[in-house]
Amino acid sequence: MDTEILRPISDADLERVAALIRSGALVAFPTETVYGLGANGLDAAACARIYEAKGRPSDNPLILHIADLAMAHDVASEVPPLAAHLLTAFAPGPLTVILPKAPHIPDIVTGGLSTVGVRCPDHDIARRLIRAAGVPIAAPSANTSGRPSPTTAAMVYADMAGRIPLILDGGSCRLGVESTIVDCTEEGVVTILRPGAITREMMVAELPHADVRMDAALTAEDEAPRAPGMKYTHYAPRVPLTVYVGAGTDVTAALREEFLRRTAAGECPALIASNETIAALSDLVPAERTYNCGARGNHSALASCLYDALRHFDDMPVTSLLAEGAAAVGLGTAIMNRLRKASGGRIISI
Ligand code: TXA
Ligand code: MG
(Lines give C-alpha, C1' and ligand atoms only; values in the text may rest on other atoms or scores of the structure.)
(Ligands and ions follow the chains in the order given, each with its own letter.)
Protein backbone atom coordinates (compact mmCIF):
# COMPACT_ATOMS: atom_id res chain seq x y z
CA MET A 1 0.00 0.00 0.00
CA ASP A 2 1.32 3.48 -0.89
CA THR A 3 1.18 6.03 1.92
CA GLU A 4 0.23 9.54 0.82
CA ILE A 5 1.31 12.60 2.82
CA LEU A 6 -1.23 15.39 2.35
CA ARG A 7 -0.55 19.10 2.95
CA PRO A 8 -1.89 21.85 2.78
CA ILE A 9 -5.36 20.80 3.78
CA SER A 10 -8.42 22.38 2.12
CA ASP A 11 -12.06 21.60 2.96
CA ALA A 12 -12.27 19.44 -0.17
CA ASP A 13 -9.18 17.49 1.02
CA LEU A 14 -10.78 16.99 4.42
CA GLU A 15 -14.00 15.70 2.82
CA ARG A 16 -11.98 13.11 0.91
CA VAL A 17 -10.13 12.08 4.08
CA ALA A 18 -13.38 11.96 6.06
CA ALA A 19 -14.80 9.61 3.41
CA LEU A 20 -11.74 7.37 3.90
CA ILE A 21 -12.43 7.29 7.64
CA ARG A 22 -16.11 6.46 7.05
CA SER A 23 -15.10 3.65 4.67
CA GLY A 24 -13.10 1.98 7.47
CA ALA A 25 -9.57 3.07 6.47
CA LEU A 26 -6.84 4.37 8.82
CA VAL A 27 -5.67 7.99 8.60
CA ALA A 28 -2.89 9.60 10.67
CA PHE A 29 -3.65 13.17 11.72
CA PRO A 30 -1.97 15.91 13.80
CA THR A 31 -3.11 17.03 17.25
CA GLU A 32 -1.58 19.56 19.65
CA THR A 33 0.09 16.68 21.59
CA VAL A 34 1.28 14.01 19.12
CA TYR A 35 0.02 12.53 15.82
CA GLY A 36 -2.89 10.10 16.13
CA LEU A 37 -3.64 6.98 14.07
CA GLY A 38 -7.36 7.41 13.45
CA ALA A 39 -10.27 5.17 12.52
CA ASN A 40 -14.06 5.38 12.73
CA GLY A 41 -14.61 4.83 16.47
CA LEU A 42 -17.99 3.21 15.88
CA ASP A 43 -16.59 0.61 13.41
CA ALA A 44 -15.07 -2.40 15.19
CA ALA A 45 -13.37 -3.73 12.02
CA ALA A 46 -11.73 -0.34 11.35
CA CYS A 47 -10.51 -0.15 14.97
CA ALA A 48 -9.10 -3.68 14.68
CA ARG A 49 -6.88 -2.36 11.86
CA ILE A 50 -5.33 0.16 14.30
CA TYR A 51 -4.08 -2.66 16.55
CA GLU A 52 -2.72 -4.48 13.50
CA ALA A 53 -0.90 -1.43 12.05
CA LYS A 54 0.70 -0.56 15.41
CA GLY A 55 1.34 -4.11 16.58
CA ARG A 56 -0.56 -3.07 19.71
CA PRO A 57 -1.81 -5.55 22.35
CA SER A 58 -5.60 -5.77 22.08
CA ASP A 59 -6.23 -5.15 25.81
CA ASN A 60 -4.83 -1.61 25.50
CA PRO A 61 -7.86 0.65 24.86
CA LEU A 62 -8.10 3.55 22.40
CA ILE A 63 -9.09 7.16 23.05
CA LEU A 64 -12.17 8.51 21.24
CA HIS A 65 -11.57 11.97 19.77
CA ILE A 66 -14.53 14.35 19.58
CA ALA A 67 -14.99 17.68 17.81
CA ASP A 68 -16.85 19.46 20.63
CA LEU A 69 -18.13 18.85 24.15
CA ALA A 70 -21.66 17.98 22.97
CA MET A 71 -20.19 14.86 21.32
CA ALA A 72 -19.10 13.55 24.75
CA HIS A 73 -22.74 12.63 25.35
CA ASP A 74 -22.75 10.51 22.17
CA VAL A 75 -19.91 8.28 23.40
CA ALA A 76 -20.43 8.23 27.20
CA SER A 77 -23.49 7.01 29.11
CA GLU A 78 -22.86 9.74 31.69
CA VAL A 79 -20.56 12.73 32.24
CA PRO A 80 -20.02 13.02 36.04
CA PRO A 81 -19.83 16.61 37.43
CA LEU A 82 -16.04 16.69 37.98
CA ALA A 83 -15.44 15.43 34.45
CA ALA A 84 -17.85 18.03 33.05
CA HIS A 85 -16.04 20.75 35.03
CA LEU A 86 -12.61 19.69 33.74
CA LEU A 87 -13.83 19.43 30.16
CA THR A 88 -15.37 22.89 30.35
CA ALA A 89 -12.13 24.30 31.77
CA PHE A 90 -9.55 22.47 29.61
CA ALA A 91 -11.21 21.20 26.40
CA PRO A 92 -10.42 21.58 23.58
CA GLY A 93 -7.01 20.71 24.98
CA PRO A 94 -4.54 18.02 26.03
CA LEU A 95 -6.91 16.26 28.45
CA THR A 96 -8.47 12.79 28.19
CA VAL A 97 -11.31 12.00 30.55
CA ILE A 98 -12.29 8.42 31.40
CA LEU A 99 -16.09 8.12 31.29
CA PRO A 100 -18.61 5.26 31.52
CA LYS A 101 -19.02 4.11 27.92
CA ALA A 102 -22.22 4.31 25.90
CA PRO A 103 -23.58 0.86 24.93
CA HIS A 104 -22.95 1.29 21.17
CA ILE A 105 -19.17 1.86 21.57
CA PRO A 106 -17.45 -1.33 20.30
CA ASP A 107 -15.59 -3.43 22.90
CA ILE A 108 -12.42 -3.30 20.79
CA VAL A 109 -12.21 0.47 21.45
CA THR A 110 -12.29 0.04 25.21
CA GLY A 111 -10.33 -3.21 25.45
CA GLY A 112 -13.45 -4.72 27.02
CA LEU A 113 -13.59 -2.11 29.82
CA SER A 114 -16.89 -0.44 30.82
CA THR A 115 -15.23 2.98 30.47
CA VAL A 116 -14.02 4.98 27.49
CA GLY A 117 -11.31 7.66 27.19
CA VAL A 118 -12.65 10.85 25.56
CA ARG A 119 -10.62 13.77 24.27
CA CYS A 120 -11.35 16.94 22.28
CA PRO A 121 -8.04 17.95 20.65
CA ASP A 122 -7.01 21.61 20.42
CA HIS A 123 -6.04 21.35 16.75
CA ASP A 124 -7.96 22.79 13.84
CA ILE A 125 -7.21 19.95 11.37
CA ALA A 126 -8.11 17.28 13.92
CA ARG A 127 -11.45 18.86 14.83
CA ARG A 128 -12.38 19.66 11.20
CA LEU A 129 -11.65 16.03 10.31
CA ILE A 130 -13.83 14.66 13.12
CA ARG A 131 -16.64 17.04 12.18
CA ALA A 132 -16.40 16.12 8.48
CA ALA A 133 -16.36 12.39 9.30
CA GLY A 134 -19.42 12.83 11.53
CA VAL A 135 -18.21 10.10 13.90
CA PRO A 136 -15.89 10.00 16.92
CA ILE A 137 -12.38 9.07 15.77
CA ALA A 138 -10.59 6.36 17.76
CA ALA A 139 -6.88 7.12 17.81
CA PRO A 140 -3.81 6.04 19.71
CA SER A 141 -0.48 7.75 19.04
CA ALA A 142 0.60 6.95 15.45
CA ASN A 143 3.83 5.10 16.34
CA THR A 144 4.66 1.41 16.18
CA SER A 145 3.84 -0.03 19.60
CA GLY A 146 6.73 0.58 22.02
CA ARG A 147 8.41 3.35 19.98
CA PRO A 148 8.46 7.09 20.80
CA SER A 149 5.23 8.85 19.73
CA PRO A 150 5.44 10.84 16.47
CA THR A 151 5.34 14.63 16.56
CA THR A 152 5.86 15.22 12.80
CA ALA A 153 4.41 13.62 9.66
CA ALA A 154 7.92 12.32 8.85
CA MET A 155 8.03 10.43 12.16
CA VAL A 156 4.61 8.89 11.39
CA TYR A 157 5.89 7.93 7.93
CA ALA A 158 8.97 6.24 9.44
CA ASP A 159 6.69 3.86 11.39
CA MET A 160 3.56 3.60 9.23
CA ALA A 161 4.71 3.75 5.56
CA GLY A 162 3.04 0.95 3.64
CA ARG A 163 0.60 0.22 6.48
CA ILE A 164 -1.85 3.12 6.11
CA PRO A 165 -3.12 5.00 3.03
CA LEU A 166 -2.76 8.57 4.24
CA ILE A 167 -1.03 10.94 6.67
CA LEU A 168 -2.40 14.47 7.16
CA ASP A 169 0.63 16.73 7.59
CA GLY A 170 0.01 19.55 10.05
CA GLY A 171 3.66 20.28 10.80
CA SER A 172 5.19 19.81 14.26
CA CYS A 173 2.89 19.15 17.20
CA ARG A 174 2.87 22.13 19.56
CA LEU A 175 3.16 20.30 22.92
CA GLY A 176 4.97 17.07 22.11
CA VAL A 177 3.78 14.84 24.98
CA GLU A 178 0.47 12.97 25.05
CA SER A 179 -2.61 14.23 26.86
CA THR A 180 -3.16 14.10 30.60
CA ILE A 181 -5.51 11.17 31.34
CA VAL A 182 -7.87 11.55 34.32
CA ASP A 183 -10.42 9.22 35.85
CA CYS A 184 -13.25 11.06 37.64
CA THR A 185 -15.57 8.10 38.10
CA GLU A 186 -15.08 8.17 41.92
CA GLU A 187 -17.06 11.03 43.47
CA GLY A 188 -14.94 13.99 44.59
CA VAL A 189 -11.72 12.39 43.29
CA VAL A 190 -9.69 13.10 40.16
CA THR A 191 -7.09 10.41 39.57
CA ILE A 192 -4.30 11.24 37.11
CA LEU A 193 -3.55 8.03 35.18
CA ARG A 194 -1.02 9.67 32.83
CA PRO A 195 0.53 13.12 33.45
CA GLY A 196 0.54 15.63 30.57
CA ALA A 197 0.40 19.33 29.80
CA ILE A 198 -2.74 19.82 31.90
CA THR A 199 -0.85 19.54 35.16
CA ARG A 200 -2.04 18.48 38.60
CA GLU A 201 -1.40 22.07 39.74
CA MET A 202 -3.75 23.40 37.02
CA MET A 203 -6.54 21.00 37.98
CA VAL A 204 -6.17 21.77 41.70
CA ALA A 205 -6.55 25.49 40.92
CA GLU A 206 -9.71 24.70 38.94
CA LEU A 207 -11.18 22.23 41.49
CA PRO A 208 -10.10 23.44 44.97
CA HIS A 209 -12.56 21.10 46.72
CA ALA A 210 -11.68 17.91 44.85
CA ASP A 211 -8.97 15.42 45.76
CA VAL A 212 -6.67 15.57 42.70
CA ARG A 213 -4.15 12.77 43.02
CA MET A 214 -1.60 10.82 41.01
CA ASP A 215 -2.56 7.19 40.40
CA ALA A 216 -0.68 4.92 42.81
CA ALA A 217 0.92 3.20 39.80
CA LEU A 218 2.67 6.45 38.86
CA THR A 219 4.24 6.86 42.28
CA ALA A 220 4.92 3.15 42.89
CA GLU A 221 5.98 2.08 39.39
CA ASP A 222 5.75 -1.63 40.18
CA GLU A 223 2.03 -1.61 41.06
CA ALA A 224 -0.40 -2.75 38.37
CA PRO A 225 -1.32 0.39 36.43
CA ARG A 226 -4.94 1.31 35.79
CA ALA A 227 -4.42 2.81 32.34
CA PRO A 228 -3.75 -0.53 30.66
CA GLY A 229 -1.24 0.99 28.22
CA MET A 230 1.05 2.19 31.00
CA LYS A 231 2.29 -1.34 31.73
CA TYR A 232 3.95 -1.87 28.33
CA THR A 233 7.44 -0.83 27.17
CA HIS A 234 6.99 2.67 25.83
CA TYR A 235 8.76 5.43 23.95
CA ALA A 236 11.87 3.25 23.69
CA PRO A 237 14.80 4.43 21.55
CA ARG A 238 16.76 1.76 19.62
CA VAL A 239 19.69 1.85 22.07
CA PRO A 240 19.67 1.96 25.91
CA LEU A 241 18.93 5.32 27.54
CA THR A 242 20.08 6.55 30.96
CA VAL A 243 18.63 9.75 32.43
CA TYR A 244 20.37 12.07 34.92
CA VAL A 245 18.46 14.45 37.17
CA GLY A 246 19.54 16.96 39.81
CA ALA A 247 21.06 20.42 40.03
CA GLY A 248 22.42 21.57 36.64
CA THR A 249 26.15 21.71 37.34
CA ASP A 250 26.11 18.36 39.20
CA VAL A 251 24.29 16.70 36.31
CA THR A 252 26.78 18.17 33.86
CA ALA A 253 29.68 16.80 35.91
CA ALA A 254 28.07 13.35 36.16
CA LEU A 255 27.41 13.30 32.42
CA ARG A 256 31.02 14.27 31.70
CA GLU A 257 32.33 11.42 33.86
CA GLU A 258 29.94 8.85 32.35
CA PHE A 259 30.62 9.99 28.78
CA LEU A 260 34.37 9.60 29.38
CA ARG A 261 33.92 6.20 31.00
CA ARG A 262 31.80 4.85 28.15
CA THR A 263 34.08 6.22 25.45
CA ALA A 264 37.10 4.65 27.18
CA ALA A 265 35.21 1.33 27.23
CA GLY A 266 34.89 1.50 23.42
CA GLU A 267 31.26 2.59 23.37
CA CYS A 268 29.81 5.38 21.25
CA PRO A 269 27.43 7.32 23.53
CA ALA A 270 25.31 10.30 22.46
CA LEU A 271 23.99 13.14 24.60
CA ILE A 272 20.46 14.61 24.83
CA ALA A 273 20.69 17.70 27.02
CA SER A 274 20.10 21.39 27.62
CA ASN A 275 21.94 24.10 25.78
CA GLU A 276 23.98 24.83 28.92
CA THR A 277 25.10 21.22 29.42
CA ILE A 278 25.99 20.75 25.75
CA ALA A 279 28.05 23.97 25.83
CA ALA A 280 29.84 22.84 29.01
CA LEU A 281 30.72 19.45 27.45
CA SER A 282 31.61 20.73 23.97
CA ASP A 283 35.33 19.98 24.55
CA LEU A 284 34.42 16.30 24.98
CA VAL A 285 31.26 15.45 23.01
CA PRO A 286 31.30 15.92 19.22
CA ALA A 287 28.42 18.13 18.00
CA GLU A 288 26.95 15.36 15.82
CA ARG A 289 26.49 13.24 18.93
CA THR A 290 24.45 15.88 20.76
CA TYR A 291 20.77 16.80 20.67
CA ASN A 292 20.04 20.26 22.07
CA CYS A 293 16.71 20.52 23.94
CA GLY A 294 16.90 24.27 24.56
CA ALA A 295 17.53 26.28 27.69
CA ARG A 296 17.86 24.31 30.93
CA GLY A 297 14.56 24.38 32.87
CA ASN A 298 12.46 25.27 29.80
CA HIS A 299 10.02 22.36 30.11
CA SER A 300 7.87 23.34 27.12
CA ALA A 301 10.92 23.32 24.84
CA LEU A 302 12.06 19.96 26.22
CA ALA A 303 8.57 18.39 25.91
CA SER A 304 8.14 19.53 22.31
CA CYS A 305 11.43 17.96 21.15
CA LEU A 306 11.56 14.93 23.48
CA TYR A 307 10.34 12.26 21.05
CA ASP A 308 12.34 13.72 18.17
CA ALA A 309 15.40 13.50 20.43
CA LEU A 310 14.67 9.85 21.28
CA ARG A 311 14.50 8.98 17.55
CA HIS A 312 17.29 11.30 16.39
CA PHE A 313 20.18 8.81 16.70
CA ASP A 314 18.24 5.85 15.21
CA ASP A 315 20.29 5.68 12.03
CA MET A 316 23.65 6.62 13.53
CA PRO A 317 26.30 4.26 14.92
CA VAL A 318 25.51 5.30 18.48
CA THR A 319 25.50 2.55 21.12
CA SER A 320 23.80 4.32 24.06
CA LEU A 321 22.06 7.55 25.03
CA LEU A 322 22.69 9.77 28.05
CA ALA A 323 20.03 12.39 28.76
CA GLU A 324 19.56 15.31 31.13
CA GLY A 325 16.11 15.03 32.79
CA ALA A 326 13.83 17.68 34.30
CA ALA A 327 12.57 18.56 37.77
CA ALA A 328 9.34 16.61 38.30
CA VAL A 329 7.05 19.61 38.78
CA GLY A 330 4.41 20.97 36.39
CA LEU A 331 5.05 19.71 32.86
CA GLY A 332 8.29 18.15 34.18
CA THR A 333 6.13 15.41 35.76
CA ALA A 334 4.97 14.32 32.29
CA ILE A 335 8.49 14.59 30.85
CA MET A 336 9.96 12.42 33.63
CA ASN A 337 7.08 9.91 33.32
CA ARG A 338 7.97 9.42 29.62
CA LEU A 339 11.74 9.34 30.28
CA ARG A 340 11.24 6.74 33.02
CA LYS A 341 9.48 4.48 30.53
CA ALA A 342 11.83 5.24 27.64
CA SER A 343 14.81 4.34 29.84
CA GLY A 344 13.23 1.28 31.43
CA GLY A 345 13.66 3.04 34.80
CA ARG A 346 17.37 3.91 34.37
CA ILE A 347 17.09 7.27 36.16
CA ILE A 348 20.07 8.50 38.16
CA SER A 349 19.42 11.20 40.73
CA ILE A 350 22.50 13.25 41.54
O1 TXA B 1 -2.51 13.02 23.39
C2 TXA B 1 -3.01 11.90 23.28
O3 TXA B 1 -3.72 11.40 24.16
C4 TXA B 1 -2.73 11.12 21.97
C5 TXA B 1 -3.38 11.89 20.81
C6 TXA B 1 -3.30 11.12 19.51
O7 TXA B 1 -4.71 12.21 21.14
N8 TXA B 1 -3.24 9.78 22.07
C9 TXA B 1 -2.64 8.81 22.82
O10 TXA B 1 -3.22 7.57 22.71
O11 TXA B 1 -1.67 9.01 23.50
P12 TXA B 1 -2.50 6.22 23.23
O13 TXA B 1 -3.40 5.12 22.77
O14 TXA B 1 -1.12 6.18 22.75
O15 TXA B 1 -2.59 6.31 24.77
C16 TXA B 1 -3.85 6.20 25.39
C17 TXA B 1 -3.70 5.70 26.79
C18 TXA B 1 -3.28 4.25 26.88
O19 TXA B 1 -2.28 4.14 27.89
C20 TXA B 1 -4.55 3.54 27.31
O21 TXA B 1 -4.28 2.39 28.08
C22 TXA B 1 -5.27 4.62 28.11
O23 TXA B 1 -5.00 5.78 27.39
N24 TXA B 1 -6.73 4.42 28.12
C25 TXA B 1 -7.57 4.45 27.06
N26 TXA B 1 -8.84 4.16 27.45
C27 TXA B 1 -8.79 3.94 28.77
C28 TXA B 1 -9.76 3.58 29.76
N29 TXA B 1 -11.04 3.38 29.44
N30 TXA B 1 -9.35 3.45 31.05
C31 TXA B 1 -8.05 3.65 31.39
N32 TXA B 1 -7.10 3.99 30.49
C33 TXA B 1 -7.45 4.12 29.21
MG1 MG C 1 0.85 5.80 22.67
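Just so it is clear, the model here is predicted, and its values are computed rather than measured. Each ligand, and each atom within it, is numbered from 1 in the order the structure gives. This chain uses plain numbering: 1 for the first residue, then up along the sequence.
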Legend entry - R262 bridged to E258 by N-O distance under 4.0 Å: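 Answer for the salt bridge query: yes.
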Inset, instruction - Give a yes or no on whether a salt bridge exists between R49 and D43, defined as a side-chain N under 4.0 angstrom from a carboxylate O. - result: no
Out of all atoms in ligand 1, which are within 4.0 Å of some heavy atom of [X]? Include the element for each.
X: T33; answer: 1 (O), 2 (C), 4 (C), 5 (C)
X: G36; answer: 6 (C)
X: S179; answer: 1 (O), 2 (C), 3 (O)
X: I181; answer: 17 (C), 22 (C), 23 (O)
X: L113; answer: 28 (C), 29 (N), 30 (N)
X: S141; answer: 8 (N), 9 (C), 10 (O), 12 (P), 14 (O)

Inset, instruction - Carefully, step by step, assess C173 and E32 under the rule side-chain contact (heavy atoms from CB on, under 4.5 Å). - result: CA-CA 5 Å; C173 299; E32 81 281 31; over 6 Å; no
Legend entry - From the candidates I98, N60, V116, the one that places a heavy atom nearest atom 28 (C) of ligand 1: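 It is I98 that holds the nearest heavy atom.
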Legend entry - Heavy-atom proximity to atom 7 (O) of ligand 1, best of H123, R194, H65: H65
Legend entry - Y235/Y307 under ring-ring contact (aromatic ring centres under 6.0 Å, His included): CA gap, chis, key distance, verdict: CA-CA 8 Å; Y235 321 116; Y307 294 139; 5.4 Å; yes
Inset, instruction - Report yes or no: does a heavy atom of I63 sit under 4.0 Å from some atom of ligand 1? - result: yes
Inset, instruction - Tell me, please: is K101 in heavy-atom contact with ligand 1, that is, under 4.0 Å? - result: no
Residues [X] and [Y]: side-chain donor-acceptor under 3.5 angstrom:
X: S179; Y: T96; result: yes
X: T33; Y: R119; result: yes
X: T252; Y: T277; result: yes

Inset, instruction - Indicate if the distance from the Mg ion (ligand 2) to the nearest N, O or S atom of N143 falls below 2.8 Å. - result: no
Inset, instruction - For H65 and T31, indicate whether the former's side chain and the latter's backbone hold a donor-acceptor pair under 3.5 Å. - result: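 Here the side-chain-to-backbone pair does not exist.
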Inset, instruction - Report yes or no: does S349 contribute a side-chain atom to a donor-acceptor pair with the main-chain N or O of V245 at less than 3.5 Å? - result: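 The answer is no, because no donor-acceptor pair under 3.5 Å joins these two groups.
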Legend entry - Geometric N/O contact R119 with ligand 1, under 3.5 angstrom: yes
Legend entry - Region of H234 engaging ligand 1 - heavy atom pairs below 4.0 Å: neither
Legend entry - Side chain, backbone, both or neither: T115 near ligand 1, heavy atoms under 4.0 Å: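 Both of them.
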